[in-house]
Amino acid sequence: MIVKNTAFSLFYPQLTGLRREIYDIEESLKDYFNLFTVLAIPDNAPPEIPRCQSFSKNGHTELNISLINSLINTRYDDNFNRDWDKCYKYFKETTERINEIIKEKIKNDILFYGLTTQIIYDEYPSSIDLIREKFLKSRIAKKPYEINLRLAFELDEYFINFTFLNERSYNVASITTPGITSLAGAKEVGNYLTLILDINNKNGFNTRNGYKSSQKDFKFIFSKTNEIVVEKMPVILETGEVKL
């Protein structure tokens, strides 16, 4: 199992005066992140475009802050990516700190959160057969080249989304023309099952007037992600039965 990346998003009402707050945010995160880069974005640009950006001291985590959301994205190297507990602990601690700072700046006015986790199960070399046998249970005359299966569930105010797909890796990829990559002559060295797990509380935001997120939602999203990866996924991969 390889933990490829985790990404956490905070969504909030459109901010005003963000540029004036950047120094305070930068100062509060100085133990985790390098100096912020203020991006040359016109004031009338769409609010979802990041206005500032920074990277963690170790270079693995990127933080982008826009007028309506903040995105924390971490990619794990070989020292971490086969140890889910280490990845989870690092990302949760970093995200908790950023969440507290952003909440303070916007007066706890979080609309909803989202956590996406991408994991490669390289212990399953025949990913297409696994997805067909465990989840589709249908007769397909010709073996598909790719499979992408998405399951979305409601759980109170939360959406829990599973995406299962096959991911191929090659030992060589030649660039024949700038921007165009050819696999001619490349050798396929893996075709692994990939899980993209997305848990968010946008269902509450979508269905309840005046809905706001709380620390309870933050904790639930992280704990449910950990529960699914540690406890549920081994059963899902063995039986094909998805239980929340």
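- Considering only residues two or more places apart in sequence or on other chains, Lys202 meets the side chain to side chain donor-acceptor pair (under 3.5 Å) condition with none of them.
- For the side chain to side chain donor-acceptor pair (under 3.5 Å) test, no residue two or more places apart in sequence or in another chain qualifies with Asn148.
- A donor and an acceptor atom, one from each side chain of Asn166 and Tyr145, are nowhere located under 3.5 Å apart.
- In summary, the aromatic rings of Phe135 and Phe164 are positioned with their centroids under 6.0 Å apart.
- The minimum heavy-atom distance between Pro144 and Ile128, with the atom names listed, is O-CD1, 3.1 Å.
- Counting only N and O atoms by type, the side chains of Asn191 and Ser127 include a donor and acceptor under 3.5 Å apart.
- Salt bridge Glu167/Lys4: present, at least one basic N to carboxylate O contact under 4.0 Å.
- The shortest side-chain heavy-atom distance between Arg82 and Asp122 falls under the 4.5 Å cut-off.
- Expressed to the nearest 0.5 Å, how far CD1 of Ile25 lies from CD1 of Ile98 amounts to 10.0 Å.
- Hydrophobic clustering of Ile, Leu, Val, Met, Phe, Trp and Tyr side chains at less than 4.5 Å, counting indirect connections, keeps Ile110 apart from Phe112.
- Between Val242 and Ile236, the shortest heavy-atom distance links the atoms CA-CG1, 4.0 Å.
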Show your reasoning for whether side-chain contact (heavy atoms from CB on, under 4.5 Å) applies to Ile68 and Leu15. CA-CA 7 Å; Ile68 60 171; Leu15 300 175; over 6 Å; no
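- With no hydrogens or angles considered, a side-chain donor-acceptor pair links Asn69 and Ser66 at under 3.5 Å.
- With hydrogens and angles left out, the side-chain atoms of Thr6 and Tyr76 include a donor and acceptor closer than 3.5 Å.
- Note that CG of Leu63 and OG1 of Thr37 are 11.0 Å apart. Values are rounded to the nearest 0.5 Å.
- Not less than 6.0 angstrom separates the ring centroid of Phe55 from the ring centroid of Phe33.
- Within the 4.5 Å cutoff, the side chain of Leu193 has no heavy atoms near those of the Leu165 side chain.
- A donor-acceptor pair shorter than 3.5 Å can be found between the side chains of Tyr12 and Ser70.
- A salt bridge between Lys92 and Glu96 is present, with a side-chain N of the basic residue lying under 4.0 Å from a carboxylate O of the acidic one.
- Under the 6.0 Å cut-off for aromatic ring centres, Phe218 and Phe8 qualify, their centroids lying closer than that.
- Closest of all the heavy-atom pairs between Ala152 and Arg150 is CB-NH1, 3.9 Å.
- Side chain of Thr239 to main chain of Glu241: a donor-acceptor pair is present (N/O by atom type, distance under 3.5 Å, no hydrogens or angles).
- Looking only at atom types and distance, the side chain of Tyr90 has a donor-acceptor partner in the side chain of Thr61 under 3.5 Å away.
- A side-chain hydrogen bond (donor to acceptor under 3.5 Å, both in side chains) with Tyr158 is found for exactly one of Asp217, Asn200, Asn201, Asn203, namely Asp217.
- Annotation: side chain of Gln118 is in contact with side chain of Thr194 (closest heavy-atom distance under 4.5 Å).
- With respect to the salt-bridge test (charged N to carboxylate O, under 4.0 angstrom), the residues Lys216 and Glu157 qualify.
- Between the side chain of Glu123 and the main chain of Met1, a donor-acceptor pair closer than 3.5 Å is present.
- Of all non-hydrogen atoms in Glu62 and Asn64, the two that sit nearest each other are OE2-ND2, 2.8 Å.
- At distances below 3.5 Å, at least one donor-acceptor pair connects side-chain atoms of Lys224 with backbone N or O atoms of Leu244.
- The closest side-chain donor-acceptor pair between Asn206 and Tyr211, if any, does not fall under 3.5 angstrom.
- Side-chain contact between Leu149 and Thr163: absent, with no pair of heavy atoms (C-beta onward) separated by less than 4.5 Å.
- A donor-acceptor pair under 3.5 Å links the side-chain atoms of Arg97 to the main chain of Ser28, judged by distance alone.
- In this structure, the side chains of Phe159 and Asp198 stay at 4.5 Å or more apart for every pair of heavy atoms.
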Derivation and outcome, side-chain contact (heavy atoms from CB on, under 4.5 Å), residues Ile228 and Leu197
CA-CA 9 Å; Ile228 288 174; Leu197 175 64; 3.8 Å; yes
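- Ring centroid separation for the pair Phe36 and Tyr23 does not come in under the 6.0 Å cut-off.
- Tyr32 and Ile101 fall within the same hydrophobic cluster, where Ile, Leu, Val, Met, Phe, Trp and Tyr residues are linked whenever their side-chain heavy atoms come under 4.5 Å apart, directly or through other members.
- Between Pro50 and Leu39, the closest heavy-atom pair is O-CD1, 3.4 Å.
- Under the 4.5 Å side-chain contact rule for hydrophobic residues, Ile120 and Leu195 do not share a cluster.
- Of all the heavy atoms in Cys87 and Val3, the pair that sits closest is SG-CB, 3.9 Å.
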